[in-house]
Amino acid sequence: MSSSTQPSSRGSSPPSGALPLRRSQFTYRNLSQMASYNTSCPLRVIAHIDLDCFYAQAEMVRLGVAEDQPLAVQQWQGLIAVNYPARAYGIGRMCTVTEAKKLCPNLITQHVATWREGEDKWAYRDDAAENIATDKVSLDPYRLESRRILATIKDHLPSHMQKVEKASIDEVFLDLSAHVHAVLLERFPEIARPPPSGDPSEPLPMPSVSALDWQADALVDLDDEHAEFDDPDWDDVAMLVASEIVRNVRAAIRDKLRYTCAAGIARNKLLSKLGSAHRKPNQQTVIRNRAVWHFLSGFKFTKFRNLGGKLGEQVSQIFNTESVEELLVVPIEQLKLKLGDDTGVWVHNTLRGIDMSEVSPRTQIKSMLSAKSFRPSINTVDQATRWLRIFVADIFARLVEEGVLENRRRPKTINLHHRHGVQTQGQTRSRSSPIPQGRSLDEETLFGLANTLLNQIIQDGHVWPCSNLSLSVGGFEDGISGNMGIASFLLRGEEAQALTDGPRTRAESKLKEQSQPPEKRRRIDDGGIQRFLTRKETPSPLDPIDALAEDNGAETSRVRETKLDSDAPSLPDEGPVLQANDETAIGGHLCARCGACLESSESLQSHQDWHFAKDLQEEEHGRLGFGNQASTTAASPHSGGRRSGPAAPKRPGRPKKTERGQQKLSFG
DNA sequence: TTGTATGAG
DNA sequence: GGCTCATACAA
């Protein structure tokens, strides 16, 4: 196939004879769509940042070992992360500790921190591996480091343009569209002016540069033969700017925290994620729109997000191939027929690198779980109860970090899962119950609830032997900071009144509703198969509560705004472009802050007031830094760890890329 | 609301 | 494999 099968590729590019008056394939409207994070904007720029073998790096930083020191993180007799120096010795995932040591006698194998019955805090213990029967793993040290990294990332983005989604403990997505938009206007004054014709659908002039300076570090992924002859258009320039931003963010993470990471820059989450996995340690990859087809064609689709499991298996069974290229020729009707309409359409789009899913500005967790697999199974209520104590201690400590004590956030439900039988098999059951709201939540209360759930499970019989138990809390809700904060004076009448009625009452509920579209809660991020492009009429006001929340300690004292009316007025921007049938907000008032589409200027104003209030609220109880609260851990820098083991996550994608064409001048 | 499955790191 | 997380869907 050629790039013409690719949606966004410059399908019909004029003969390379350079007419100075050639127009961009993008319009003024497309440009302004960037400012509102319109998911169908063809100039959208998304980045995915992925820490290199995160747990291993965290231990390296904690222990202060040299960068080239082989190190692995051990969990019982296995390895859960291996740094790159160790991988050079052939140490990988499935290595046992002894094998790893044999391969590299110099290897440091640091065991993860553990909770231990009788102790009230997790800690790094020299004898953890031999105490699998009494210890339980704690990943807290990594959660804390994850927060520091997240804060650093946010610190290096403009306070009103931090659209960051924490995808996992060591990954984030950034929607850099608005940020890049601002940089473009600044660097290219010719497009900062309104369209000469006054018509937003007028094409932009071509960028005033004939070649882009992709720094060596930001490797561009190739094209097929001819595409490189086309002059760069605005999407290429946008990618370049984003690549600069990402390079700076990575440098900050490295300089301040001593962590390296890989990154991918592309037009959506799907592609940026594939991009970050493309060149692994400490590098970044740009996938320009014109290179998408070439980049994807070499993949097995089972490498794509959501196709790595049973769905992918099902697809490959039905069509008898795992190749993207081969599946690409299957008509969409065929996909719909075999997979169902929604899934069929989703697969069809995904194979083509089309993904309109939002970068959901969520950095807070929604549930927390503490679990233990019992190597020798446990067989008594007493044993189970003792584990519950540890689970509760673990979870409660984390709840404190989340601000339960200040009633900042608290969970609504508690669940206990149980697995009967041996090892990984055996049926699992669970029981859950609401967590009484009202009074403050303490450790004993939690323990009582957990015990009740345990008793319920026991009553159902078939409990012993038990091979796994896990306790989790979820359904977190934001509370109102006790002193009915500053936020309240911004609220009008009844809302303000309600605020005083007590924690988390109608006022909050109301605000919540307002921040989330009517019907259900809009599915902002990925997850489900369907729902990807199809809809998206009004850009959802991304749950602002979550949005800013986690900017913990970050001293990002934000300043008032309301500004950027400059781009807001571009209001009803809609995205023709991508064939994906998505018309967007029509005739609404867009909030430049979050992309929400309000019906009237009044509601827009009110909505912006809400942002203001929320900001103040956040500012008020500015979350404290995390670094310290680790209190418990005896961060004693001892090095002679134990064994080592397998590797870390992902790996470099396999596509065969023909690197080429990039360098040249920079902006005029 | 409660419980199970799936997918991911 | 073990330990977390998130989400969709069924009961």
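Keep in mind that this is a model prediction, so the values were computed, not measured. The figures here come from the full heavy-atom set of this structure, side chains too, leaving out hydrogens, waters and symmetry mates.
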Between atom [atom1] in [X] and atom [atom2] in [N], what is the gap in whole Å?
X      : N     : atom1 : atom2 : answer
A:M368 : C:dA6 : CE    : P     : 9 Å
A:E165 : C:dA6 : CD    : P     : 11 Å
A:E401 : C:dT4 : CD    : P     : 13 Å
A:L471 : C:dC3 : CG    : P     : 14 Å
A:R305 : C:dA8 : CZ    : P     : 12 Å
A:L453 : B:dG3 : CG    : P     : 8 Å
A:D135 : C:dG2 : CG    : P     : 16 Å
A:E358 : C:dT7 : CD    : P     : 14 Å

How is [X] classified with respect to the nucleic acid when contacts are heavy atoms under 4.0 Å: base, sugar-phosphate, or nothing?
X      : result
A:I457 : nothing
A:T428 : sugar-phosphate
A:Y142 : nothing

Ignoring the backbone of [X], work out which of [options] is nearest its side chain.
X      : options             : answer
A:L369 : C:dT7, B:dG9, C:dC5 : C:dC5
A:K310 : B:dT6, B:dG3, C:dC3 : B:dT6
A:I365 : B:dG7, C:dC5, C:dC3 : C:dC5
A:S373 : B:dG9, C:dT4, C:dG2 : C:dG2
A:S430 : C:dT4, B:dT6, B:dT4 : B:dT4
A:E171 : B:dG9, B:dG7, C:dC3 : B:dG9
A:K273 : B:dG3, B:dA8, C:dT4 : B:dA8
A:R429 : B:dT4, B:dT2, C:dG2 : B:dT4
A:N306 : C:dG2, B:dT4, B:dG7 : B:dG7
A:K366 : C:dT7, C:dC3, B:dT2 : C:dT7

Short side-chain N/O contact from [X] to OP1 or OP2 of [N], under 4.0 Å:
X      : N     : result
A:R143 : C:dT4 : yes
A:K136 : C:dC3 : no
A:S367 : C:dA6 : yes
A:K303 : B:dG7 : no

side-chain hydrogen bond (donor to acceptor under 3.5 Å, both in side chains): which pairs involve residues 308-318 of chain A, sequence neighbours left out?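 The answer is A:E313-A:Q317.
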Applying side chain to side chain donor-acceptor pair (under 3.5 Å), can you list everything that pairs with A:S373, at least two apart in sequence or on another chain?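 Partners of A:S373 by the side chain to side chain donor-acceptor pair (under 3.5 Å) criterion, ordered by chain and then number, come out as A:N468.
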Between A:R62 and A:E59, is the closest basic N to carboxylate O distance under 4.0 Å?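 Salt bridge flag = yes for A:R62 with A:E59.
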Identify whether the distance between the nearest side-chain nitrogen and carboxylate oxygen of A:R267 and A:D355 falls below 4.0 Å.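 A salt bridge is absent here (no side-chain N lies under 4.0 Å from a carboxylate O).
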Could you check A:E401 against A:V404 for side chain to side chain contact (heavy atoms under 4.5 Å, CB included), going step by step and ending with a plain yes or no? CA-CA 8 Å; A:E401 290 168 19; A:V404 257; over 6 Å; no
Rounded distance (nearest 0.5 Å) linking atom CD1 of A:I149 with atom NZ of A:K166: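 Result: 9.0 Å between the selected atoms.
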